[in-house]
Amino acid sequence: MPNITLPDGSNRSFVDPVSVAEIAQSIGPGLAKAALAGRVDGELVDTSYRVADDAEVAIVTDRDADGVEVLRHSCAHLMAQAVQRLYPKAQVTIGPVIENGFFYDFAYERPFTPEDLEAIEKTMEEIVKEDLNVERSVLARQDAIAMFKDMGEDYKVEIIKGIPGEEDLSFYRQGEFIDLCRGPHVPSTGKFKAFKLTAVAGAYWRGDSSNEMLQRVYGTAWPSRKDLKLYLQMLEEAEKRDHRKLGKQLGLFHFQEEAPGMAFWHPKGWTLYRSIQDYMKRVLDRNDYQEIHTPQLVDYSLWEKSGHAAKFAEEMFSVESDNRMYAIKPMNCPCHIQVYNQGLKSYRDLPLRFAEFGSCHRYEPSGSMHGLMRVRSFVQDDGHIFCTEEQIQSEVAEFMELLFAVYRDFGFDEVILRLSTRPEKRVGSDALWDDAEQALKDALIATGLPWELVPGEGAFYGPKIEYSLKDCMGRIQQCGTIQVDFFLPERLGAHYVAEDSSRKTPVMLHRAILGSFERFIGVLIEHYGGAMPSWLAPQQAVILNITDKQSQYCRKLEESLKNKGFRASADLRNEKIGFKIREHTLQKIPYLLVVGDKEVEAGTVAVRTRGGEDLGTMTFDDFCNHLSQDVARFGRSDDSLATTN
RNA sequence: GACUUUGUAGCUCAGUAGGGUAGAGCAGCAGACUAGUAAUCUGUAGGUCGGCGGUUCAAUUCCGUCCUAAGUCUCCA
């Protein structure tokens with residue numbers, strides 16, 4: 001006689017074991033129709049699940065994040081069914097839920113085409129109309145293997161053989177289609193309201209490139225057509241904001257065959273780059289970092305000593321000269337330790353913070369390069385803090401505060417925190433790891449913000465926190481990091497004299513706020529859609545004359561703006577004002593100053609923004625004040641002061 | 001690195017199912033127009049069709065190979 005407690009705290013008693021669907025029905029027919037799954041004592045189950053004992057039960061619908069996941073997972077099954085109807089020879093493999101959608105990998109004799117996708121989508125619609133029941137069943141392993149062998153589904157057989165344990169396996173059947181699956185799934189194929197197949201691509205069986213290539217079909221599914229439309233619009237918007245496209249359109253940088261993965265920065269792009277570097281330099285100066293600069297080429301033996309050669313030899317560029325092997329530095333840490341090692345350090349010197357805008361080169365696999373986001377030549381806003389174990393936590397906490405402030409200046413308010421802990425292959429004692437992980441954890445807890453634990457993802461030399469920011473499209477971009485390192489200082493012979501005159505090895509904290517300037521600029525371009533806030537805009541204002549008569553006055557304004565430290569120019573070309581406005585608006589210059597006879601006479605400028613807003617006519621001084629304030633605000637969404645002000 | 005796709009003028013893109021001097025728009029250049037808030041008009045120059053090799057009487061077009069780029073997988077100190 002189960003007594004069911006619902007999320008609102010109310011109770012319902014049933015005489016016999018009762019299914020989730022029946023509970024939903026007892027609450028109301030609307031809910032019964034909307035029910036996609038249930039949650040029984042916290043566990044997600046099918047609506048057909050029977051509750052026999054007292055339990056807390058919630059009905060899961062598509063208003064629930066879990067409900068949408070179930071919907072997407074089931075949609076992957078729907079797609080697999082459609083594929084096998086159309087292409088009976090296609091074998092199914094795996095079909096999980098991913099962010100915003102799902103995919104399913106098929107083994108098929110040829111790649112699917114966009115036309116195939118359309119046909120699959122159509123068949124999916126038909127199966128939705130058929131409203132087939134989705135039924136769960138349980139099979140013993142041997143029976144399951146026999147069944148899939150019989151069906152010619154070799155991959156499924158392999159999957160089952162790979163599942164540890166001895167317990168029976170669950171299956172889901174809808175019409176003629178049956179799939180091995182943990183579930184849960186929607187009760188019937190009539191529940192799908194909005195889905196779309198978005199892409200097809202090759203993917204390797206079990207992610208290993210020595211295995212057969214499968215056909216992966218990506219799809220997205222949403223509770224409503226409206227949600228789907230919004231999502232597709234977001235994808236379109238993301239494409240428009242692609243930094244590679246905008247980089248070309250705005251004349252910021254380019255890539256060419258002769259230097260794959262290495263950007264050629266153009267005047268405007270480099271101005272942006274320098275603005276960010278100058279800003280970061282001010283930030284570091286104010287936070288007791290000492291800037292250093294270390295060589296590009298370092299004898300290969302140093303990388304052998306540091307252990308990088310053993311692990312990353314293939315990803316390092318090397319140069320031979322005079323019978324000596326050098327590596328182009330792939331990272332700055334070993335060099336920073338060389339600087340640290342000059343002269344005997346005392347515990348009184350710690351923490352010692354070195355910073356370098358370190359230019360690094362890594363031979364990234366050709367297929368992994370992506371615009372500015374993944375390059376072979378990049379500059380890190382790198383820094384290394386040498387400190388004692390006791391100082392780790394306070395250093396990390398201080399760093400985090402700085403990082404948040406910097407991100408806010410760039411217009412990012414939401415930061416995602418992840419703690420990666422000890423991996424299987426690692427150096428150092430467990431006690432040491434315990435302390436370091438605890439220090440990072442404490443620093444995270446002290447922020448009062450939510451954070452995620454990623455077990456086993458730390459570097460081999462120590463745990464780390466990674467900082468990702470959410471851009472305006474909701475995409476998560478990993479930028480900053482702080483990593484505890486017990487290993488490298490010892491390996492490269494760093495030490496300090498402790499209070500008791502003994503020699504001790506310092507802990508090294510690797511840290512970066514932006515990550516790399518290249519990547520961060522890529523993120524910024526996409527976040528702002530190329531319309532950089534005034535403090536970063538390569539050009540902040542342009543002065544436009546209406547006829548030649550105003551040229552003299554415009555030149556004077558240009559000079560005056562430049563003298564005040566603004567980035568401005570005058571466009572005196574013999575073109576119509578509408579033409580010039582269009583051009584500079586497309587170049588996303590924040591302020592367009594129009595000057596005709598009226599303005600010359602009154603000593604004013606007519607101000608228009610790149611957004612098309614008319615700020616009216618104002619005196620030149622008023623405009624300068626306006627621009628100054630705009631610049632001082634940085635990218636902050638509120639009016640609080642920027643970090644370096 | 002793997003698979004698929006791709007590379008034509010400064011940019012965006014047509015075109016050539018193996019045949020004569022490869023096209024358009026924009027940008028550029030020359031000239032006219034002296035204008036009031038997202039494209040003024042006229043004229044004009046510009047390409048060994050990604051590189052190398054092969055097949056062919058003939059290759060931008062077909063084949064091979066290399067390089068770049070895109071998507072995806074893998075990787076990311």
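None of these values were measured; they are calculated from a predicted model. In what follows, every chain begins at residue 1, and chains take the letters A, B, ... in the order their sequences are listed.
Across U72(B), U37(B), G1(B), the shortest atom-to-atom separation from the side chain of Tyr363(A) is found for G1(B). Comparing G36(B), G71(B), A77(B) by their closest approach to the side chain of Ile546(A) singles out G36(B). Listed nucleotides: A38(B), A77(B), U37(B). Nearest to the side chain of Thr585(A): A38(B). When distances are taken from the side chain of Pro330(A) to each of U37(B), A77(B), U72(B), the shortest belongs to A77(B). With U34(B), C73(B), A38(B) as the choices, the nucleotide that has an atom nearest any side-chain atom of Ala203(A) turns out to be C73(B). Minimum atom distance to the side chain of Ser368(A) is reached by C75(B), of the listed C75(B), A38(B), A69(B). For Arg582(A), the listed nucleotide lying nearest its side chain is A39(B); candidates were A77(B), A39(B), A69(B). Out of U37(B), U72(B), G28(B), the shortest distance to the side chain of Tyr218(A) is found at U72(B).
Applying the 3.5 Å distance criterion, the base of A38(B) shares a donor-acceptor pair with the side chain of Arg608(A). In the interface, the side chain of Arg374(A) is paired with the base of C75(B) through a donor and an acceptor atom under 3.5 Å apart.
Here Glu575(A) lies in heavy-atom contact (under 4.0 Å) with a base.
For the pair Phe579(A)/Ile581(A), no side-chain contact is recorded, criterion being any heavy-atom separation below 4.5 Å from C-beta on. The shortest side-chain heavy-atom distance between Phe399(A) and Ile513(A) falls under the 4.5 Å cut-off. No side-chain heavy atom of Phe106(A) sits less than 4.5 Å from a side-chain heavy atom of Tyr87(A). In this structure, the side chains of Asp105(A) and Phe103(A) come closer than 4.5 Å at one or more pairs of heavy atoms.
For the pair His370(A) and G71(B), the criterion of a side-chain N or O lying under 4.0 Å from OP1 or OP2 is met. One finds a side-chain N or O of Ser366(A) lying less than 4.0 angstrom from the OP1 or OP2 phosphate oxygen of G1(B).
RNA chain B lies under 4.0 Å from at least one heavy atom of each of the following residues of residues 236-249 of chain A: Arg244(A), Lys248(A). Listed by residue number, the members of residues 90-108 of chain A with any heavy atom below 4.0 angstrom from RNA chain B form an empty set. Listed in residue order, the members of residues 592-601 of chain A having a heavy atom less than 4.0 Å from RNA chain B are Val594(A), Gly596(A), Asp597(A), Lys598(A), Glu599(A).
Not a single donor-acceptor pair under 3.5 Å links the side chain of Glu601(A) to the backbone N or O of Lys598(A).
We find that Glu395(A) and Arg511(A) are not joined by a salt bridge, their nearest charged nitrogen and carboxylate oxygen being 4.0 Å or further apart.
The aromatic rings of Phe386(A) and His384(A) lie tilted to each other, with the angle between the two planes from 30° to 60°. In this structure, Trp270(A) and Trp265(A) have tilted ring planes: the angle between them lies in the 30° to 60° band. Taking the six-membered ring where the residue is Trp, Phe412(A) and Phe520(A) present perpendicular rings, their angle passing 60° and hence far from 30°. Ring geometry for Tyr155(A) versus Trp205(A): interplanar angle over 60°, hence perpendicular rather than tilted (30 to 60°).
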Taking N or O atoms only and anything under 3.5 Å, show me the protein contacts with nucleotides 4-8 of chain B, one pair per line.
residue: G7(B); atom: N2; partner: Glu257(A); partner atom: OE2; Å: 3.3

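His626(A) and Tyr591(A) share a donor-acceptor pair across their side chains, judged by distance under 3.5 Å alone. For Glu356(A) and Thr294(A), the side-chain atoms include at least one donor-acceptor pair closer than 3.5 Å.
Aromatic pair His254(A)/Phe264(A): ring centres closer than 6.0 Å. Aromatic ring centres of Phe354(A) and Tyr289(A): separated by at least 6.0 Å.
In this structure, Glu315(A) atom CD and U74(B) atom C1' are separated by 12 Å, rounded to whole Å. Atom OH of Tyr204(A) is separated from atom P of U74(B) by 10 Å (rounded to the nearest Å). Protein atom NE2 of His336(A) is 15 Å distant from nucleotide atom C1' of A77(B), rounded to whole Å.
When all heavy atoms of Met369(A) and Gly261(A) are compared, the pair lying nearest together is SD-CA, 3.5 Å.
Residue pairs meeting the ring-ring contact (aromatic ring centres under 6.0 Å, His included) criterion with at least one partner in residues 601-620 of chain A, sequence neighbours excluded, are absent.
Aromatic stacking of Phe579(A) on A38(B): not satisfied for centres closer than 5.5 Å together with planes under 30 degrees.
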Pairing string, 5' to 3', for RNA chain B - Watson-Crick or wobble contacts under 3.5 Å, brackets [ ] where pairs cross, | to another strand: (((((.(..((((.....[...)))).(((((.......))))).....(((((..]....)))))).)))))....

